[in-house]
Amino acid sequence: MRCFLLPVALVLVSLPCPAQVQPVALMSYDRDFSAQSPTGVIAGTPEGKPELAPGKVGQALKCGPKFGHVLYPTKGVLNRDSGTVEMWVCPVDWQSDDGKFHVFFETRGQGALYLYEYFSTDRLLMLTCPEVAGPYASSQVATDFKPGVWRHLAGTWSREGVMVYLDGKPAAALPALGDLPTQLGETFRIGDEQWQFPRESSSLVDDVRIYDRALTPAHIAAHAQGDFNFTVPLSVQTCHLSA
C-alpha cells in the first residue's frame, strides 16, 4: 500500500484565506493635508489655498480653481504597474452638465493617469496613456453629479487595462485595454482642477485611498458602502504559493 504526500503549496492553495487589502496612502483631511501610510505620514503640499471643510466623514478637502489642490509624492505611493484610487466627491456649486472639466486625480510624467469628469459628455473617465500626447485609453461611465450630493469615485489601472467606478459600480464587465504610462510623474494631484475652460465652481473631496494594486469590483462595491474590512476568499486563481 502506497502513501502519497501532496506538496505543501497544493494543500495551502486549496484552503480558503481572506484577502483584505490596506491602502498605501489615506488622505482623511480631518486635521491637515497629509496622508497616512503603513510607514508613517506622507506630507501633502498645498498649491493655492485649499481649505478643510465639513465632509463625508469628519473634515474634507475643499478644492477647485478658487481654492487650489494638494500634491503628494509619487514614490512609495503610486505603483505604475497596477493601482487604485478611490474617493468621495461632493460638488459644492456645479452639476454634471456644466460643460467644464473636473479633474480629481492626475499624475503626468512620460505618460499619464487621470480620473476626471469630461466637459461635454457628462462622463467620468479613468484614462491611461504611455505618452502625454497619447495614444489614450479610457473607461467611461455616465454621471449625474448634483450640488450637495456625495458620490463614491474609483479608478483602477493594471496590465489588463483601466476601469472607472461610480458609487461602487464598474463601467463595464472588463477593463478598457490601454498602455500604462512609460514613467509616472514625481507627484500626483488630488483636487478638482479645471482644464481648458475657466470656471469658479468647487468641490469637497474626502477619504482618498490609494492602493498598490487594482482592486476587485467586489472590494470597491464594499468600500462604496463603507465596508473597508471586506474580504474575499483566495483561490488557486488568486493565491500563488510556492513550496
Side-chain angles (χ1 to χ4, degrees), residues 24-25 27 35 44-45 47-48 50 61 63-65 68-74 77-89 91 94 96 98-143 145 151-166 170-172 175-199 201-203 205 208-215 220:
V24 293
M27 299 78 156
T45 303
E47 291 199 329
L61 172 69
C63 50
H69 52 259
V70 185
L71 296 178
Y72 298 92
T74 295
V77 180
L78 294 186
N79 177 8
R80 188 189 73 88
D81 293 328
S82 62
T84 301
V85 56
E86 62 178 3
M87 64 183 72
W88 287 95
V89 171
W94 61 275
S96 289
D98 69 349
K100 308 290 186 181
F101 282 108
H102 296 268
V103 187
F104 306 111
F105 164 80
E106 175 179 356
T107 182
R108 293 192 190 195
Q110 190 174 349
L113 293 169
Y114 306 132
L115 177 64
Y116 67 106
E117 169 88 355
Y118 197 68
F119 80 99
S120 66
T121 60
D122 306 341
R123 287 183 173 269
L124 181 70
L125 283 75
M126 183 68 206
L127 182 146
T128 182
C129 55
E131 304 288 338
V132 173
Y136 307 114
S138 65
S139 172
Q140 307 181 23
V141 64
T143 65
F145 285 109
R151 311 301 295 271
H152 187 266
L153 281 54
T156 65
W157 63 93
S158 71
R159 297 293 183 181
E160 284 68 49
V162 291
M163 179 76 84
V164 71
Y165 296 76
L166 182 62
L177 295 176
D179 293 328
L180 295 174
T182 304
Q183 182 176 341
L184 296 176
E186 293 184 359
T187 62
F188 65 94
R189 183 176 70 203
I190 299 295
D192 174 9
E193 283 305 294
Q194 64 186 20
W195 282 346
Q196 190 174 350
F197 307 109
R199 60 178 170 84
S201 58
S202 57
S203 296
V205 174
V208 180
R209 287 173 163 84
I210 308 289
Y211 298 83
D212 61 0
R213 67 203 70 185
L215 296 185
I220 293 176

Straight-line distance of Leu127 CG to Glu106 CD, nearest 0.5 Å: 10.5 Å
Does a side-chain heavy-atom distance below 4.5 Å link Asp81 with Arg159? yes
From Glu131 atom CD to Gln183 atom CD, the distance as rounded to the nearest 0.5 Å: 10.0 Å
Atom pair OH/CG of Tyr136 and Leu125 - distance to nearest 0.5 Å: 12.5 Å
Residues two or more places apart in sequence or in another chain: which of them pass salt bridge (charged side-chain N to carboxylate O under 4.0 Å, His left out) with Arg80? none
Determine all donor-acceptor pairs shorter than 3.5 Å in which one atom belongs to a side chain in residues 112-120; sequence neighbours excluded.
unit_1, atom_1, unit_2, atom_2, d
Tyr114, OH, Arg108, NE, 3.0
Glu117, OE1, Thr143, OG1, 3.2
Glu117, OE2, Thr143, OG1, 3.0

Between Gly185 and Thr107 the two heavy atoms that sit nearest each other are N-OG1, 3.4 Å
Closest approach of Gly68 to Cys63 (non-hydrogen atoms, all atoms of both residues): O-CB, 3.2 Å
Determine the sole option in Leu71, Val70, Leu78 for which the side-chain contact (heavy atoms from CB on, under 4.5 Å) test with Phe188 is passed. Leu78
Among residues at least two apart in sequence or on other chains, which ones pass side-chain contact (heavy atoms from CB on, under 4.5 Å) with Ala176? Ser139, Val162
Stepwise, does the side chain to side chain contact (heavy atoms under 4.5 Å, CB included) test hold for Tyr72 with Met27? CA-CA 10 Å; Tyr72 298 92; Met27 299 78 156; 3.6 Å; yes
Might you confirm whether atom CD of Gln110 has over 12 heavy atoms from other residues, nucleotides or ligands at distances under 6.0 Å? yes
Contact summary for Gly161 and Pro175, nearest pair of heavy atoms: C-CB, 3.8 Å
Reported OH-to-CG distance for the pair Tyr165 and Leu153, which is rounded to 0.5 angstrom: 13.0 Å
Nearest heavy-atom neighbours spanning Glu160 and Leu177: O-CD2, 3.2 Å
Passes salt bridge (Lys or Arg N to Asp or Glu O under 4.0 Å), Asp192 versus Arg199? Steps please. CA-CA 11 Å; Asp192 174 9; Arg199 60 178 170 84; 2.5 Å; yes
Any chance you could lay out the side chain to side chain contact (heavy atoms under 4.5 Å, CB included) test for Val164 and Arg123, step after step, and finish with the verdict? CA-CA 10 Å; Val164 71; Arg123 287 183 173 269; over 6 Å; no
Quick one: pull up CZ in Arg213 and CG in Asn79 and give me the separation to the nearest 0.5 Å. 9.5 Å
Is Ile220 close to His152 at the side-chain level, that is, under 4.5 Å between some pair of heavy atoms? yes
Nearest heavy-atom contact between Thr128 and Asp179 is OG1-O, 2.9 Å
Is any side-chain heavy atom of Trp157 less than 4.5 Å from a side-chain heavy atom of Val85? yes
Look only at the side chain of Trp94 and the backbone of Ser203, and say whether a donor-acceptor pair between them is shorter than 3.5 Å. no
Which residues satisfy the side-chain hydrogen bond (donor to acceptor under 3.5 Å, both in side chains) test with Gln194, sequence neighbours excluded? none
Got a second to check how far Leu215's CG is from Ser82's OG, nearest 0.5 Å? 9.5 Å
What residues form a side-chain hydrogen bond (donor to acceptor under 3.5 Å, both in side chains) with Glu47, not counting sequence neighbours? His69
Mind checking what makes side-chain hydrogen bond (donor to acceptor under 3.5 Å, both in side chains) contact with Ser202, not counting sequence neighbours? none
Counting N and O atoms only, with roles assigned by atom type, does the side chain of Thr84 sit under 3.5 Å from a partner on the main chain of Thr156, one being a donor and the other an acceptor? no
Looking only at heavy atoms, what is the nearest atom pair of Ser201 and Pro65, with distance? O-CD, 3.3 Å
